[in-house]
Amino acid sequence: MNAFRFKFRPGPPVPVNHLRESSSEIIDHKKIAEKSRAREKEEVVKVLLDQGSNVNLTIFPIVGMGGLGKTTLAQLVYNDPDIQKHFQLRLWLCVSDNFDVDSLAKRIVEENGCQASGNSALDKLQSAVSGKRYLLVLDDVWNRDEAHKWEKLKSYLQHGGNGSSVLTTTRDQAVAQLMMGTTEGEYDLKSLDERFIKEIIETRAFSSKQEKDWPRELVDMVGDVAKRCAGSPLAATALGSVLSTKTTADEWKDVLSRRAICDEKNGILPVLKLSYNCLLSHMRQCFAFCAMFPKDYEIDVEMLIQLWMANGFIPEQQGEEHPEISGKNIFIDLASRSFFQDVKGIPFEFTDIEVSRVTCKIHDLMHDVALDSMGKECVAIATEQSKSEGFPHSARHLLLSVYEPETVLNTSREKRSPVIQTLICEKEVEDLQHLSKYMSARALRIETERASFLKPRRLHHLRYLDLSRSDIKSLPEDISILYHLQTLNISDCDNLERLPKGMKYMTALRHLYTHGCEKLKSMPAGLRHLVSLQTLTCFAAGASSGCSKVTELKRLDDLGGHLELTQLENVKEEDAKAAKLRNKKKLARLTLRWTNSDTEAHNSDRVVLEGLEPHEGLKVLRIYSCFIDTCPAWMNKLQGIVELNLSDCKRLGKLPAIFPLLEKLVIKKCKSLAALPKASLTKETFGGIESEYRSAFPALKEMKLEHLEMFQRWEAGEETLEEQVIFPRLEKLSIGHCKSLAALPKASVIKPPFGGIEIDCRSAFPALRKLELNYLTALER
């Protein structure tokens, strides 16, 4: 900067688009997909169900050009209720251009969690499908040149039960014929009907307005726009997103006047590139960076935003907005334009008790757009072939998901001096010789047994460091000189015993992931100085004088997401109150863990627990090994809680009253608990029929009760229990080792249309889908 006499001058504020006004909702067009492909779905489902008695393996390819919705159709078929009932086993695998039989077999078994035996991956695959009627979806098959590989895989797949089927999606009719062994039988997916294309365009182009406010002259032009999309829903999505930024008919006509929107040679790629080129410059940079991930890679969105921050892709905002919020808005905007798909949840927000990790994927054609933009700056080495080829000198962002990644890095470093900014190694690194020479690195993710090859003095640009799952006992003390580090992930380092004493100097730290480090017994002193900290997943309360006390959490009011406090037997009442957890309004999940509950020394647990009062908007609360006989008074205030877990609280004899929104309840090893809370009278309409019932948990969907020695009553006071429904929405119930429980509850006759069928039923669990009963020695009925 000095040499060229550059001066830093902040740019204009980034325009705020309509998506930021709609909170964090990502526009979901699943309903349009279900409606537009309903006929095709029914046709494919019928073909698969009709093969029920067929002793031969059925191969059914879906063929169509890129962006036509082949994967969407396959997903609709895969999730169809009749398909779920018909097939004993359902398997899904994205193939893309790597048709290596052994790796495909291994991925099918591993990614679908199959129980299998055998030495080789193919033996395990055969074991997994043997005798079972299964449906295997092979999504996005490309390779037409290696018929013998498909025949080899097929020979192991043929051991399934009668009616087993393989559903494939491919752009290439020659591939379909290769897999079928004939020129007949594939499903040729047609272009989407124009009325659905128009619906997609309207939904995208006018997403910020109510239908009554849609500009008439622009609505009249939608038909012309639809004709340019070649019947492709992805093209319609992209073009509609481009037009959403245009407000006049002349601007729309200017877009439509371009020749290259969709053509026979390039398919819909031109319109996708047009959509990309119409993004703001920083959004183009953020998306193009994703070219470093392989096709069909499941991207951790929180990690992605932190990598954007580490590389300086998120522009500085005027005012108080955190870069994480700016990154979230960029992601939501890109997802709404279909640059990302299969999005689960919203980053940095509580969305689901089952999905705490927000992920997404990128459509293959969108991935091609990113690669076209980045050239060879972003490289993914995911196969042994690409490993042997190495990576180009121009690589700046590199992802390695092959074994022994250090061989690629060491060899490349010896030949040249690549300027690596982002390095993600997904397999364990044993001996990385030249890491200290990557002095331009801003983001590193490495799993290793040795942290000694980290040379912080040479990595002063580092903003992101992920050493999770590493087998290390400690971090280098001089890691505290990484003054620009924003994210440090050392989660699931089972042998990690201590953190650097100088961590208090890492004042730029915003995200510190420490969960799963079971041998970590204390936190270094001075954490109160990390005032930018927004994530601290686990805080171990130490007993020695040279470590942080929970009082140091007092100033960290920006903490959000999940916080776990462990070794709480070392905390005093005044320290618990001084931590001021109730001021941390962004916390969604709180775990409070004592080491054990076997000694009378835990008589102070009650007052400490009272002092650790969280804010009333908490969503998930878990308490382990606390020596209390009643729950804290503040628990009655948590009316928005959706998950409650109480484990190993041996003296606990009573639970709080009603939790109106609670969806998941887990109670384990609370040997003094004899009954659930007394239910209250509730009136509710099911399918147009008003029902009256008693329930302490009207929204509960899942309940686990284990090792409750005294548990024998379903509510405290059972005068009218025999005539009431008490768990109207419970879907999963698991009860084990409750030796005093003699009966499950009954209910009066009701007529709710659960499952779409109106029948008289007598059940306390009318919505139940899964039931597990284990070691209930006194159970009579």
Side-chain angles (χ1 to χ4, degrees), residues 303 306-312 323 396-400 405-406 409-410 412-413 417-426 428-514 517 519-520 522-538 546-548:
M303 176 195 75
Q306 290 165 5
L307 290 176
W308 287 346
M309 291 167 53
N311 282 286
R396 297 292 179 267
H397 309 288
L398 178 63
L399 183 144
L400 296 165
E406 65 272 15
L409 296 168
N410 291 340
S412 299
R413 184 71 206 187
S417 299
V419 183
I420 297 295
Q421 290 178 227
T422 306
L423 174 60
I424 297 178
C425 297
E426 300 212 306
E428 186 176 1
V429 175
E430 293 184 1
D431 183 21
L432 189 53
Q433 300 168 6
H434 305 289
L435 181 61
S436 62
K437 296 181 181 179
Y438 291 117
M439 290 184 286
S440 298
R442 286 172 165 261
L444 293 175
R445 177 180 169 188
I446 297 173
E447 180 183 343
T448 182
E449 292 184 3
R450 299 168 51 200
S452 58
F453 57 69
L454 282 173
K455 305 296 182 186
R457 294 184 184 279
R458 295 175 178 265
L459 299 171
H460 55 273
H461 290 296
L462 209 59
R463 265 75 171 166
Y464 179 98
L465 178 59
D466 184 347
L467 298 171
S468 58
R469 300 184 299 277
S470 291
D471 190 19
I472 55 177
K473 291 185 177 180
S474 62
L475 294 171
E477 280 296 329
D478 59 348
I479 202 173
S480 58
I481 68 169
L482 294 176
Y483 302 124
H484 301 296
L485 196 68
Q486 299 169 340
T487 300
L488 177 58
N489 189 343
I490 46 177
S491 61
D492 298 312
C493 292
D494 297 336
N495 291 315
L496 186 68
E497 297 176 350
R498 63 181 183 278
L499 297 177
K501 296 178 181 178
M503 282 193 71
K504 61 185 178 183
Y505 301 117
M506 302 170 70
T507 53
L509 207 58
R510 307 176 70 83
H511 305 282
L512 178 56
Y513 299 91
T514 50
C517 300
K519 292 187 178 180
L520 189 63
S522 65
M523 307 297 286
L527 289 187
R528 64 184 181 277
H529 298 295
L530 306 184
V531 292
S532 298
L533 210 59
Q534 297 179 43
T535 303
L536 176 59
T537 54
C538 184
C547 59
S548 280

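Note that the coordinates shown come from a computational prediction; the quantities given were computed from them, not determined experimentally.
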Residue of the set Leu509, Thr514, Thr535 for which side chain to side chain contact (heavy atoms under 4.5 Å, CB included) holds with Leu488: Leu509
Euclidean distance, Ser491 OG relative to Leu467 CG, rounded to 0.5 Å: 10.0 Å
With Arg445 via salt bridge (charged side-chain N to carboxylate O under 4.0 Å, His left out) - residues at least two apart: Glu426, Asp466
Test item: Thr448 side-chain N/O and Val429 main-chain N/O as donor-acceptor pair under 3.5 Å: yes
Check: Ser548 side chain, Pro524 main-chain N or O, donor-acceptor pair, under 3.5 Å: yes
Approximate separation, where rounding is to 0.5 Å, of Arg528 CZ and Leu533 CG: 14.5 Å
Shortest non-hydrogen contact between Arg457 and His460, atoms and distance: O-ND1, 3.9 Å
Minimal non-hydrogen separation, Ile490 against Cys517, with atom names: O-SG, 3.0 Å
Glu428 to Pro405 - nearest heavy-atom pair and separation: O-CD, 3.6 Å
Side-chain touch Leu462/His484, heavy atoms, less than 4.5 angstrom: no
Gap between atom OG1 of Thr422 and atom CG of Asn311 - 0.5 Å precision: 3.5 Å
Sidechain-backbone polar pair: Arg510 side chain, Ala508 backbone, donor-acceptor under 3.5 Å: no
Side-chain (Thr487) to main-chain (His511) donor-acceptor, under 3.5 angstrom: no
Between side-chain atoms of residues 493-507 and protein atoms elsewhere (two or more places apart, or another chain), which donor-acceptor pairs fall under 3.5 Å?
from: Asn495; atom 1: OD1; to: Lys519; atom 2: NZ; distance (Å): 3.1
from: Asn495; atom 1: ND2; to: Asp471; atom 2: OD1; distance (Å): 2.3

Interatomic distance, Arg442 atom CZ to Arg396 atom CZ [nearest 0.5 angstrom]: 13.0 Å
Straight-line distance of Gln421 CD to Ser440 OG, nearest 0.5 Å: 6.5 Å
Validation row: Met309, Tyr464 side chains within 4.5 angstrom (heavy atoms): no
Minimum side-chain heavy-atom gap Leu400-Leu409 below 4.5 Å: yes
Between CG on residue Leu530 and CG on residue Leu536, distance to nearest 0.5 Å: 9.0 Å
